[in-house]
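In what follows, a single structure is set out as C-alpha cells and then discussed.
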Amino acid sequence: MSNVSTPLEDQVALVTGGARGIGRAIALRLARDGAKVAIVDLTDHGADAAQDIERATGRATTFVKADISKEVEARTAVAATEAALGPVDILVNNAGITRDNLLVVMNEADWDAVLAVNLKGAFLMSKAVMRGMIKRRRGSIVNISSVVGRRGNAAQTNYSAAKAGLIGLTKSLAREVASRNIRVNAVAPGYIETEMTAALPEAARNVIIEQIPFGCIGNPEAVADAVAFLAGDSASYITGAVLPVDGGLGI
Ligand code: NAP
C-alpha cells in the first residue's frame, strides 16, 4: 500500500539530465515523494544538484556522470545507480538537446546529435534498466516528449522527429512489457521556463505566449507534478499514455 505523504518511499528513481531545468525539478519532486534519486547527467554540475536535493529532502541522492547517447555509458550509469541506491524502479528519460535550423540548412551533425540524445538515449537507458525490471516484475518509465512531437514545429525537424519518435517508443514498449507489470508513459510539455527556452528572442516568446490558451509559459514544477503522478502507484492502470503539460497549446 502506498504512503500518502511519501508515495515513492523505498523506490529508486533515475532521472537523466537531472542537473538543471525540468530534470532537476523532477529529481527534487521524486525525492520529496520519498524516492532515492540518481541524477545522470553530462557534466559535473549534477553533483551540486544531487547534494542540494539530498539536503532539501533528506533522501539519498547520487550523481552519475554519463553521456546517455552512448550505450556503454548508459549501461554503466544504471550499474552505478544500482550500486549506490539499489535496483531502479523508476526511469525518467528527460535528457534532451536542441539544434534548431531550417531543414535546407540543417547539417547532418545537428540532425544526428538531436536524435542521439533525445531518442536513442531513451532507448539505451530503457534497455539498460529493462532486464532488472522484468526480473522484479516491477517498473515505471516516463519519457519527456514535447508538444512539438505531437504538432511539429518549423526549424525543429530534428527535434520534433525525435520527440514524435519518443511517443512511438513509449507506446510500443508499453505494449511489450505490460504483462511484466512495467508501465511506460510520456509527458509532452509545452513551453516551459528553463535555459532551453530562455534563449528565445523576446519577439518569438511573445508570439508563442499568444498561442497558449493559458497565456503564459509553464514552470518545470508543473512537468514534475505530471511525472510524479505517472511514475507512482496513483497511475497503476495507466500505460502508453502521453500526458500534455502545455497550458492548452496542443489542443
Ligand atoms: P535543459 O535546461 O537544457 O537541460 C537538459 C539537461 O540534459 C542538462 O542538464 C544537460 O546537461 C542534460 N543532457 C544533455 N545531453 C545529455 C546527454 N547526452 N547525457 C546526459 N545528460 C544530457 O533542458 P530542459 O528545458 O530542462 O528540458 C528537459 C527535457 O524536456 C528535454 O528532453 C526537452 O527536450 C524537454 N522539453 C523541454 C521544453 C521546454 O520548454 N524547456 C518543452 C518541451 C520538452 P548539461 O547541463 O551538461 O548540458
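Predicted, not measured: the structure shown is a model, and the values here were computed from it. Atoms within a ligand are numbered from 1 in the order they appear, just like the ligands themselves. Atoms considered below: every heavy atom in the structure, side chains included; atoms not considered: hydrogens, waters and symmetry mates.
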In the protein, what heavy atom is nearest to [atom], and what distance, to one decimal place, separates them?
| atom | answer |
| --- | --- |
| atom 5 (C) of ligand 1 | Gly96 O, 3.8 Å |
| atom 22 (C) of ligand 1 | Ala95 CB, 3.7 Å |
| atom 25 (O) of ligand 1 | Thr194 OG1, 2.6 Å |
| atom 21 (N) of ligand 1 | Leu42 N, 3.5 Å |
| atom 19 (N) of ligand 1 | Ile68 N, 3.1 Å |
| atom 11 (O) of ligand 1 | Asp41 OD1, 2.7 Å |
| atom 7 (O) of ligand 1 | Gly17 CA, 3.4 Å |
| atom 28 (C) of ligand 1 | Asn94 OD1, 3.2 Å |

Could you tell me whether ligand 1 has any atom less than 4.0 Å away from a heavy atom of [X]?
| X | value |
| --- | --- |
| Thr197 | yes |
| Gly18 | no |
| His45 | yes |

Check: [X] N/O within less than 3.5 Å of ligand 1 N/O:
| X | result |
| --- | --- |
| Arg20 | yes |
| Tyr191 | no |
| Ile192 | yes |
| Asp67 | yes |
| Ile22 | yes |

Applying a 4.0 Å heavy-atom criterion (strictly less than), which segment of [X] is in contact with ligand 1: side chain, backbone, both, or neither?
| X | result |
| --- | --- |
| Ile97 | side chain |
| Ala66 | backbone |
| Lys163 | side chain |
| Ser145 | backbone |
| Val117 | side chain |

Problem - side chain to side chain donor-acceptor pair (under 3.5 Å) contacts touching residues 126-137 (sequence neighbours left out) - result: Asn93-Ser126

Exercise for the section: Please assess Arg59 against Glu9 for the test salt bridge (Lys or Arg N to Asp or Glu O under 4.0 Å), listing each intermediate value before the final yes or no. Expected result: CA-CA 10 Å; Arg59 299 290 160 179; Glu9 187 84 50; 2.9 Å; yes

Side-chain contact test, heavy atoms from C-beta onward, threshold under 4.5 Å: evaluate it for [X] versus [Y] and give yes or no.
| X | Y | value |
| --- | --- | --- |
| Ile68 | Val117 | yes |
| Asp89 | Leu8 | no |
| Ile217 | Arg205 | yes |
| Val88 | Glu82 | yes |
| Val37 | Val15 | yes |

Completion exercise
In terms of its nearest heavy atom to atom 43 (C) of ligand 1, the top option of Ala198, Ala162, Pro189 is Pro189

Practice task
Would you please say whether a donor-acceptor pair under 3.5 Å links the side chains of Gln156 and Asp100?
Solution key: yes

Problem - Derivation and outcome, side-chain contact (heavy atoms from CB on, under 4.5 Å), residues Phe123 and Leu173 - result: CA-CA 10 Å; Phe123 155 68; Leu173 186 57; over 6 Å; no

Practice task
Kindly give the heavy-atom pair with the smallest separation between Ala31 and Thr57, and that separation in Å.
Solution key: CB-OG1, 3.7 Å

Practice task
Output yes when a side-chain donor or acceptor of Asn107 lies under 3.5 Å from a complementary backbone atom of Ala109, and no otherwise.
Solution key: yes

Problem - Stepwise side-chain contact (heavy atoms from CB on, under 4.5 Å) test for Arg180 and Met130 - result: CA-CA 10 Å; Arg180 311 301 165 98; Met130 195 47 71; over 6 Å; no

Completion exercise
When rounded to the nearest 0.5 Å, the distance separating CG of Asn94 from CE of Met125 is 11.5 Å

Handout entry: Atom pair OG1 (Thr157) and CG (Leu103), whose distance is rounded to the nearest 0.5 Å
Key = 4.5 Å

Problem - Enumerated ligand 1 atoms positioned under 4.0 Å from heavy atoms of Ser146 - result: 43 (C), 44 (C)

